[in-house]
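FYI, the numbering just counts along the sequence from 1.
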Amino acid sequence: MPEPEPTIRQALAFLARQAKERTRRKWSQVLGGTCALLMAGFVLFAILDRAGVFLQEISLEVPATVYSAEGVSAGETTVAIDGSVKILGDRSFEGQFAIHEVETTCREGVHANIRWDAMWTDAQDILFYRPGDNLSLGVERMLYITESMESFGLRLEDGTIIATDEAYVPLLMSGYYYSIRPIFSNQF
């Protein structure tokens, strides 16, 4: 005896609902698994970052020229750079940036924090500190420095310029900070 037509329709609708539910469950599992993997990746990245895996040690003695506020060469100095550079994420340097011309930067316990792209694209700044205390050592915050840290220019609050290349002098004398693209190099 043939089944009535409404029953066949009901069975087809039931099968369609089951197929949709299986598809929905499958996509929920895929989405849930993807979210779990992403969260595990973030946790792993945070653990590795905390462990210092993304830090590169650097130790340099860089000769630099001292220029007067008028841009005239006034002698030589050396800058001792000893610390670590963050190689992933927010690029920064933590450690000693001791300018022999500026005796206060060479004191024990005085460290520098240099950040690339700190204020806007291609901008760098330097902040000297002692644990628990920011220090004003007569060095202006803005500087030009390549990521290899072998080429830089900065100005002291009295107008004196310390630079590895004469090309930094007109930029620093202008009183404005011009955004320049630093030379990217991972060779330390």
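Looking at heavy atoms from C-beta onward, L135 lies out of side-chain contact with T104 at the 4.5 angstrom threshold. Using a 4.5 Å heavy-atom cutoff, the side chains of F14 and Q18 are in contact. Considering only heavy atoms from C-beta on, K20 stays 4.5 Å or farther from T23 through its side chain. Between L172 and Y67 there is no side-chain heavy-atom pair separated by less than 4.5 Å. In this structure, N113 and Y129 have side chains that are in contact, with non-hydrogen atoms separated by less than 4.5 Å. Here the side chains of V66 and E76 are not in contact, with every heavy-atom distance at 4.5 Å or above.
By the criterion of side-chain heavy atoms lying less than 4.5 angstrom apart, applied directly or through intervening Ile, Leu, Val, Met, Phe, Trp or Tyr residues, I58 is grouped together with V79 in one hydrophobic cluster. No single ILVMFWY cluster, assembled from side-chain heavy atoms under 4.5 Å apart, contains both L55 and L60. By the rule that hydrophobic residues join a cluster once side-chain heavy atoms approach within less than 4.5 Å of another member, L127 and I162 end up as members of separate clusters. Linking ILVMFWY residues whenever their side-chain heavy atoms come closer than 4.5 Å, directly or via other members, places I114 and L156 in the same cluster.
The line from CZ of F152 to CD1 of I126 is 9.0 Å long, rounded to the nearest 0.5 Å. Separation of atoms CD (E147) and CH2 (W116) is listed at 6.0 Å; rounding is to 0.5 Å. Here CE of M39 is found 13.5 Å from OG1 of T34. Values are rounded to the nearest 0.5 Å. One finds the CG atom of L15 at 12.0 Å from the CD atom of Q10 (value rounded to the nearest 0.5 Å). In this structure, CZ on R107 lies 13.0 Å from CD on Q96, to the nearest 0.5 angstrom. From D82, atom CG reaches atom CZ of F93 across 7.0 Å, with rounding to the nearest 0.5 Å.
For the pair H111 and G109, the tightest heavy-atom approach, listed with the atom from each and the gap, is ND1-O, 3.4 Å. The two residues R115 and R141 come nearest to each other via the heavy atoms NH2-NH2, 3.1 Å. Of all the heavy atoms in E61 and A80, the pair that sits closest is OE2-CB, 3.4 Å. Summarising the geometry of E57 relative to G83, their closest heavy-atom pair is OE1-O, 3.2 Å, with the distance given to 0.1 Å. Summarising the geometry of A163 relative to Y168, their closest heavy-atom pair is CB-CB, 4.0 Å, with the distance given to 0.1 Å. What you find for R130 and V110 is that their closest heavy atoms are NH2-CG2, 3.8 Å.
Distance alone, capped at 3.5 Å, places no donor-acceptor pair between the T164 side chain and the A64 backbone.
A side chain to side chain contact (heavy atoms under 4.5 Å, CB included) with F97 is found for one member of T105, V62, V102, I145 and no other, namely I145.
Salt bridge R25/E21: present, at least one basic N to carboxylate O contact under 4.0 Å.
Listed by chain and number, the residues in a side chain to side chain donor-acceptor pair (under 3.5 Å) with D133 amount to none (sequence neighbours excluded).
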Could you walk me through whether F45 and F54 satisfy the ring pair (Phe, Tyr, Trp, His ring centres under 6.0 Å) test, starting with their C-alpha distance in whole Å, then the side-chain angles of each, then the deciding distance to 0.1 Å, before giving a yes or no? CA-CA 10 Å; F45 180 81; F54 304 118; 5.0 Å; yes
With side-chain contact (heavy atoms from CB on, under 4.5 Å) as the test, would you mind laying out the steps for E157 and E140 before giving the verdict? CA-CA 6 Å; E157 289 174 350; E140 286 189 358; 4.2 Å; yes
